[in-house]
Amino acid sequence: MLSVTEFFADVSREVDGTLDTIIPKADVEPTRLHEAIRWSVFAGGKRIRPAILMATGRTFGVPSEQLANTSAAVEMIHTYSLIHDDLPSMDDDELRRGKATCHKQFGEATAILAGDVLQTLAFKAIADDETLTAEIRLILISLLAEAAGTPAGMVSGQQLDLDAEGRELSIGEIETIHGQKTGALISAAALSGAIIGNAANNELGAIESYSTSLGLLFQITDDLLDVTQATETLGKTAGKDAVAEKATYPGHYGVEETKAMASTVRDEACDALSHVEKDTTLLIELADFVLSRTR
Ligand code: GRG
């Protein structure tokens with residue numbers, strides 16, 4: 001059995017190889033656009049979403065070649081969202097993945113286009129994946145589009161977040177925003193692995209519950225890291241939530257209560273797996289990794 005560190009190293013190597021094949025090389029015209037995309041994609045992201053997809057896929061016995069393009073697709077959607085989120089009209093950030101943000105390096109217009117291209121490449125990567133049946137490809141495309149878009153996906157969550165600026169939110173509202181902004185893509189990653197693995201309906205339900213808790217856990221730890229870690233460790237500006245007066249779990253409950261809550265949510269994620277009649281060790285280790293992550 002691989003350790004979770006070895007598993008992440010495997011995932012990064014595999015997904016980086018696939019991304020390198022899918023994304024045009026930096027010397028292909030228009031070179032500025034392809035340089036900008038590669039700048040952000042290969043900046044050193046943690047590859048958590050591909051890891052979730054591959055862990056779920058492996059749990060259901062899927063060979064890695066059938067997981068490669070969909071994992072890359074999820075990572076491309078995620079990277080596009082980070083590029084757009086960092087723009088002056090959104091979060092206006094200068095640092096991402098330890099490097100200058102895409103718009104700081106290449107200008108705002110190119111950064112917008114880099115995000116746009118990543119989004120279209122993501123759907124093409126699944127549509128063109130000849131290791132999967134046409135039916136599965138369509139299901140995956142629909143699932144990813146729903147998670148990335150609206151009315152309850154990532155873009156909706158971003159709009160709710162923008163609308164909420166300067167207003168005190170209830171914990172229910174915070175959960176809705178996080179569930180859409182961050183959780184939807186994490187759930188889509190987990191469900192994709194299970195769908196490719198022909199999971200039964202009750203198992204899909206279990207993976208959905210697991211991934212909903214995992215997404216919430218990811219967001220709670222993200223909020224905690226924002227107040228407990230330094231900018232150099234995170235590779236993005238620390239302490240931004242407080243400056244932007246964002247509604248966060250530590251802001252609402254305090255750091256200690258938030259840590260206890262994270263531990264409970266980790267247990268809820270793992271409990272959901274009791275309905276999966278497979279070896280779920282890797283998925284449990286992944287939840288432990290998200291609970292104890294330091295960046
Ligand atoms: C602009 C369409 C659009 C959507 C933006 C995801 C998102 C929606 C904004 C990112 C803002 C943010 C910091 C959200 C909190 C959770 C999150 C997505 C953190 C970054 O993900 P990591 O930690 O990043 O997996 P790496 O760089 O490791 O991939």
Side-chain angles (χ1 to χ4, degrees), residues 8 11-12 15-16 19 39-53 71-72 74-103 108 111-112 114-116 118-120 122 144-165 174-189 214-227 229 231 233-244 246-250 286 289-290 293-295:
F8 264 92
V11 167
S12 291
V15 78
D16 284 12
L19 288 165
W39 173 268
S40 293
V41 168
F42 296 112
K46 294 183 289 298
R47 310 302 195 214
I48 282 182
R49 293 153 194 81
I52 292 169
L53 194 155
S71 302
V74 170
E75 185 63 23
M76 287 192 282
I77 294 285
H78 168 59
T79 306
Y80 122 68
S81 81
L82 298 180
I83 294 173
H84 283 192
D85 186 62
D86 289 333
L87 289 168
S89 56
M90 299 234 189
D91 250 15
D92 193 10
D93 224 316
E94 299 190 350
L95 186 72
R96 173 66 68 180
R97 295 177 162 172
K99 289 168 69 173
T101 46
C102 196
H103 68 274
E108 207 175 324
I112 292 171
D116 292 342
L118 280 168
Q119 178 160 204
T120 53
L144 187 57
E146 201 174 315
T150 193
M154 186 179 73
V155 173
S156 290
Q158 182 76 349
Q159 183 64 49
L160 290 178
D161 203 13
L162 291 173
D163 293 346
E165 262 169 35
I174 301 177
E175 269 175 29
T176 301
I177 292 175
H178 290 333
Q180 296 187 7
K181 210 173 105 165
T182 315
L185 196 57
I186 288 179
S187 282
L214 192 68
L216 179 58
L217 178 60
F218 181 84
Q219 187 59 55
I220 295 173
T221 51
D222 203 72
D223 284 0
L224 276 170
L225 292 172
D226 186 69
V227 289
Q229 295 287 15
T231 296
T233 314
L234 296 180
K236 61 182 181 180
T237 316
K240 265 207 101 175
D241 292 342
V243 174
K246 284 235 161 114
T248 65
Y249 290 92
L286 206 54
F289 172 84
V290 174
R293 71 196 178 102
T294 52
R295 72 179 187 107

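All residue numbers in this chain count up from 1 along the given sequence. Counting starts at 1 for both ligands and their atoms, following the listed order.
From the protein, the heavy atom lying nearest to atom 10 (C) of ligand 1 is D85 OD2, 3.5 Å. Nearest to atom 14 (C) of ligand 1 among the protein's heavy atoms is K181 CE, 3.9 Å. Remark: minimum distance from atom 4 (C) of ligand 1 to any protein heavy atom is reached at S81 CB, 3.7 Å. Closest to atom 13 (C) of ligand 1 among all protein heavy atoms lies K236 NZ, 4.1 Å. In this structure, atom 23 (O) of ligand 1 lies nearest to the protein heavy atom K46 NZ, 2.6 Å. Of the protein's heavy atoms, F218 CE2, 3.9 Å lies nearest to atom 17 (C) of ligand 1. Of the protein's heavy atoms, Q158 OE1, 3.4 Å lies nearest to atom 5 (C) of ligand 1. Protein heavy atom at the shortest distance from atom 2 (C) of ligand 1 is Y80 OH, 3.5 Å.
Ligand 1 lies less than 4.0 angstrom from a heavy atom belonging to V155. Under a 4.0 angstrom heavy-atom cut-off, Q219 registers as being in contact with ligand 1. Within the 4.0 Å heavy-atom shell around ligand 1 one finds R49.
Numbered from 1 in the order shown, with element, the atoms of ligand 1 that lie under 4.0 Å from a heavy atom of R97 read 26 (P), 27 (O), 29 (O).
Of the possible polar contacts, none joining the W39 side chain to the K99 backbone as a donor-acceptor pair under 3.5 Å is found. For the pair T101 (side chain) and D93 (backbone), a donor-acceptor distance under 3.5 Å is present.
Atom OG of S71 is separated from atom CG of L19 by 9.0 Å, given to the nearest 0.5 angstrom.
No donor-acceptor contact under 3.5 angstrom links the side chains of R47 and S12, judged on distance only.
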Stepwise side-chain contact (heavy atoms from CB on, under 4.5 Å) test for L144 and L185:
CA-CA 7 Å; L144 187 57; L185 196 57; 3.6 Å; yes

Take Q180 and V155 through the side-chain contact (heavy atoms from CB on, under 4.5 Å) test and state the conclusion after the steps.
CA-CA 8 Å; Q180 296 187 7; V155 173; over 6 Å; no

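For a threshold of 3.5 Å applied to N or O pairs, the pair formed by H84 and ligand 1 contains no separation below that value. Residue contacts with ligand 1: T182 is placed with no nitrogen or oxygen under 3.5 Å of a nitrogen or oxygen of the ligand (distance criterion only).
Here the side chains of L87 and H84 are in contact, with some heavy-atom distance below 4.5 Å. In this structure, the side chains of L160 and T176 come closer than 4.5 Å at one or more pairs of heavy atoms.
With sequence neighbours excluded, no residue satisfies ring pair (Phe, Tyr, Trp, His ring centres under 6.0 Å) with F218.
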